[in-house]
Amino acid sequence: MISTADLLLEQKMASLNRRLHELESVVVAFSGGADSAFLAAVAHRQLGADRAQAVTAVSPSLAGAEEADCRLLAKEWGLRWTPVETHEMEQAAYRLNDGDRCYHCKAELMKIVTPIAAASGATVVLGVNLDDLGDHRPGQRAATGAGAAFPLVDAGFTKEDIRAASRLMGLRTWNKPAAACLASRVPYGTEVTVGILSRVERAEAALHALGFRQCRVRHYDDTARIEVDADELAVVIEHRVEIVAAVRGVGYQYVTLDLEGFRSGNLNAALS
């Protein structure tokens, strides 16, 4: 017998499918994370490669491993995929890194992707879901102002729904750890530079190599503040020698551990 949760998810899937067909043709902003990957996969299945295109914004704020995974996913799923370069780092307002940094980043994305969509009469769609609406995300304002649509919101999807539906569809991204742009590791008020983003990327890559799937390295000048899931805090202490060596190896002098564990978007607390 089908459960109430399964029935609700089935209804949301039907709603999403209808919404995509209403849009007729879409360009999915595809970062490779669980949300945008799910949307890209569903759009491809519903509309086909002729009417569903995935576009990945490539810049210093996107980890190289994430770009590579976008390429792999596109190949595995048969997506029509295009990487495009964005230039938010050339904007002083973005590098300033105030509370509206994400607005400038998303505005740059829309500036690049909108003409691609317009050329085929498509709508730009983002993998925003209901849980995202409660966080500080000025980028959503930029996307909305530029005419983007949020089909997952329209269909009532939460993050949990996306992972559950992705699993049912056999998408390997169903349990992919949350990934945000590298600039989200830099506290507001600290200028974002290519050098800082590169150092953060290399530090996190070192932690991934040591077996930590969900982690963040927050940048505080010569100090790295590591976040891992709370149930892995003891593992960090156990392997502290290797971790300190790896993180110092990319240029940090001090290596600290956040005892509260991993919290997505926790630097936004400074804005409240």
Side-chain angles (χ1 to χ4, degrees), residues 28-40 54-77 79 81-91 94-95 97 101-102 104-106 108-109 112-113 126-127 132 137 139 159 171-188 190-220 224-229 232 243 246-252 255 258 262-268:
V28 182
F30 178 49
S31 67
D35 301 341
S36 68
F38 171 68
L39 182 57
V55 173
T56 299
V58 179
S59 75
S61 65
L62 178 69
E66 292 300 317
E67 179 188 353
D69 199 36
C70 285
R71 187 180 301 275
L72 283 174
L73 287 169
K75 183 176 181 180
E76 290 172 16
W77 298 347
L79 306 179
W81 176 71
T82 306
V84 295
E85 289 189 9
T86 56
H87 307 284
E88 61 271 18
M89 286 297 298
E90 297 177 8
Q91 299 180 26
Y94 175 83
R95 297 193 306 273
N97 194 22
R101 183 198 67 236
C102 291
H104 303 297
C105 181
K106 199 67 70 180
E108 171 68 11
L109 170 70
I112 299 297
V113 177
L126 276 64
D132 294 329
R137 295 178 182 261
K159 290 185 183 297
L171 306 180
R172 65 171 172 83
T173 52
W174 76 270
N175 66 342
K176 186 174 182 179
C181 79
L182 293 171
S184 68
R185 280 64 154 174
V186 185
Y188 293 112
T190 299
E191 182 181 4
V192 176
T193 68
V194 173
I196 288 174
L197 298 180
S198 175
R199 191 192 303 182
V200 168
E201 179 180 6
R202 287 179 285 130
E204 291 189 355
L207 292 178
H208 293 319
L210 290 171
F212 296 96
R213 293 184 71 239
Q214 183 73 83
C215 63
R216 293 284 187 273
V217 173
R218 308 294 184 185
H219 173 90
Y220 293 87
R225 193 184 83 199
I226 296 174
E227 296 176 14
V228 299
D229 286 334
E232 290 192 305
I243 291 171
V247 177
R248 279 184 174 169
V250 305
Y252 287 104
V255 183
D258 191 323
F262 169 76
R263 288 104 64 218
S264 182
N266 79 67
L267 292 184
N268 290 338

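None of these values were measured; they are calculated from a predicted model. These values consider heavy atoms only, across backbone and side chains, with no hydrogens, waters or symmetry-generated copies.
Here the straight-line distance linking atom NE2 of His219 with atom OG of Ser184 works out to 13.0 Å at 0.5 Å rounding. If you take CG on Leu73 and OG1 on Thr173, they are separated by 6.5 Å, rounding to the nearest 0.5 Å. For the atom pair Thr190 OG1 and Arg95 CZ, the distance stands at 14.5 Å (nearest 0.5 Å). Of the inter-residue distances, the one linking Glu108 atom CD with Glu90 atom CD reads 7.5 Å to the nearest 0.5 angstrom. We find the NZ-CG distance between Lys176 and Asp35 to be 11.0 Å, quoted to the nearest 0.5 Å. Here the CE atom belonging to Met89 is positioned 10.5 Å from the SG atom belonging to Cys105, to the nearest 0.5 angstrom.
In terms of heavy-atom proximity, Gly32 sits nearest to Ala37 at O-CB, 4.3 Å. Residue Val28 comes nearest to Ser36 through the heavy atom pair CG1-O, 4.0 Å, listed as atom of the first residue, atom of the second, then distance. For Glu191 against Val186, the heavy-atom pair with the smallest separation is O-CG1, 4.4 Å. The shortest heavy-atom contact between Thr86 and Ala57 is CG2-CB, 3.6 Å. Among all heavy-atom pairs drawn from Arg172 and Asn175, the shortest one is O-OD1, 3.6 Å. Among all heavy-atom pairs drawn from Gly64 and Glu201, the shortest one is N-OE2, 2.6 Å.
Contact check for Ile243 versus Phe212: side-chain heavy atoms found under the 4.5 Å cut-off. Two residues are said to be in side-chain contact when any heavy atoms from C-beta on lie closer than 4.5 Å; Ile196 and Val192 fail this criterion. Looking at Cys215 and His208, their side chains come closer than 4.5 Å, going by heavy atoms from C-beta outward. With contacts defined as side-chain heavy-atom distances shorter than 4.5 Å, the pair Thr56/Leu62 qualifies. No side-chain heavy atom of Leu109 sits under 4.5 Å from any side-chain heavy atom of Glu88. In this structure the side chain of Val228 never reaches within 4.5 angstrom of the side chain of Phe262, judged on heavy atoms. Within the 4.5 Å cutoff, the side chain of Asp258 has heavy atoms near those of the Arg263 side chain.
With no hydrogens or angles considered, no side-chain donor-acceptor pair links Tyr252 and Arg199 at under 3.5 Å.
Within the structure, salt bridge (Lys or Arg N to Asp or Glu O under 4.0 Å) pairs that include any residue of residues 204-216 comprise Arg185-Glu204 (at least two apart or interchain).
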